[in-house]
Number of protein chains: 2
Amino acid sequence: MAYLTIGKVAKKTGVGVETIRYYERSGILSKPDRLPSGYRVYTEENIKQLLFLRKAQALGFTLGEISDLLSLSTDPTSNCEQINDLAKEKILQIEEKIAILQNMRRDLDAIAQYCPANSQPISDCSIINHLYGNS
Amino acid sequence: MAYLTIGKVAKKTGVGVETIRYYERSGILSKPDRLPSGYRVYTEENIKQLLFLRKAQALGFTLGEISDLLSLSTDPTSNCEQINDLAKEKILQIEEKIAILQNMRRDLDAIAQYCPANSQPISDCSIINHLYGNS
DNA sequence: CTTGACCCTGAACCATGGTTCAAGGCTATA
DNA sequence: TATAGCCTTGAACCATGGTTCAGGGTCAAG
């Protein structure tokens, strides 16, 4: 049949059927039309929304934030600055996460460096000793 | 009273009472002794475990991994190499997360760069256009 | 001996981003 | 027309790391 049903959309986009329904249930994606049978039929517009969602997700936006982005993107009274603010905030959040992880790596490197890493008993392990506060 | 009850441990370590009970319930921390009343009484050893947990958590270990670290740390047959392997693996995981976040930031930077960020309508927004696939 | 702060238990609930299940209806193909 | 493979719904479940709640018991001070 010519209808773009959920399974076809799933194949086309690589997003699972259950996941697409989940996005709809969560109010992130607009509800597609239905056939008399109840089957969802998707338009190209629906698919664009879905791909928008996945791209934004890959950029680190949460589903809640993506919901906002999608609303703004179709709101005639919204403007570029609002979108830019969200992007800038997200960049800051990402940078914060990076900084935290870099600190973790640095600290872990530092305490692992002196671990003999051999068959010595645990009492010689710099990692365990650090964690137990015997710096 | 002289007993180190859960509330005192919470104040001393900065870990919430509910959180301490949660760690015990999850089998990560060993069960403290009890008074006839049922009150938990903690030893310095218990507190060391708790601080170990929080330090390891700050280094990026999950509670499951910390459980392993604690077991190894008291197992007489374990050795330094096993601990070192866990630390190395964690460093790799952290590096992987950093790489993913750096890619996100780079991509987000790249698409936000050309956004006019003013009162222009959404149709001029490079961010939205990117997400809709109109690169 | 009462009051208030502290403690106990078990169970439910929170966010996040989905996945899985049960029980049944619709459709394409041979 | 049989039947495999789609589709529907609502609800429960997963991991992670806790928090909150209801309904009580205990302890120390006044």
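Numbered from 1 within each chain, the chains take letters A, B, ... in sequence-line order.
In the model, B:S30 has a side-chain atom that pairs as donor or acceptor with a side-chain atom of B:Q49 under 3.5 Å.
As rounded to whole Å, 13 Å separates atom C1' of C:dG18 from atom CD1 of A:I20. Distance B:Y22 OH to D:dT20 P: 15 Å, rounded to the nearest Å. Rounding to whole angstrom units, CZ of residue A:F61 and C1' of C:dT16 are separated by 17 Å. The distance from atom OH of B:Y3 to atom C1' of D:dA28 is 14 Å, rounded to the nearest whole Å. Atom CG in A:L63 sits roughly 11 Å away from atom P in C:dT19 (whole-Å rounding). A:L4 places its CG atom 17 Å from the C1' atom of C:dT27, with the value rounded to the nearest Å. Distance B:L53 CG to D:dT16 C1': 14 Å, rounded to the nearest Å.
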Protein proximity profile, nucleotides 4-10 of chain C - base contact B, sugar-phosphate-only contact S, no contact -, cut-off 4.0 Å on heavy atoms: --BSSB-
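Taking the side chain to side chain contact (heavy atoms under 4.5 Å, CB included) definition, one finds that B:V41 meets it with B:Y3, B:D33, B:L35, sequence neighbours left out. By the side chain to side chain contact (heavy atoms under 4.5 Å, CB included) test, B:L101 pairs with A:I94, A:K97, A:I98, A:L101, B:M104, sequence neighbours left out. Checked against side chain to side chain donor-acceptor pair (under 3.5 Å), B:T43 has the following partners two or more places apart in sequence or in another chain: B:N46. Residues passing the side chain to side chain donor-acceptor pair (under 3.5 Å) test with B:T62 are B:E65, sequence neighbours excluded.
Across all strands shown, B:T62 has heavy atoms under 4.0 Å from sugar-phosphate atoms exclusively, and none from any base.
Two residues, B:T19 and B:P36, neighbour DNA chain D, and the one matched to the more 5' nucleotide by heavy-atom proximity is B:T19.
Listed by first and then second residue, the ring pair (Phe, Tyr, Trp, His ring centres under 6.0 Å) pairs involving residues 45-72 of chain A are A:F52-B:Y132 (not counting sequence neighbours).
Residue A:Q57 places no side-chain N or O under 4.0 Å from the OP1 or OP2 atom of C:dT16.
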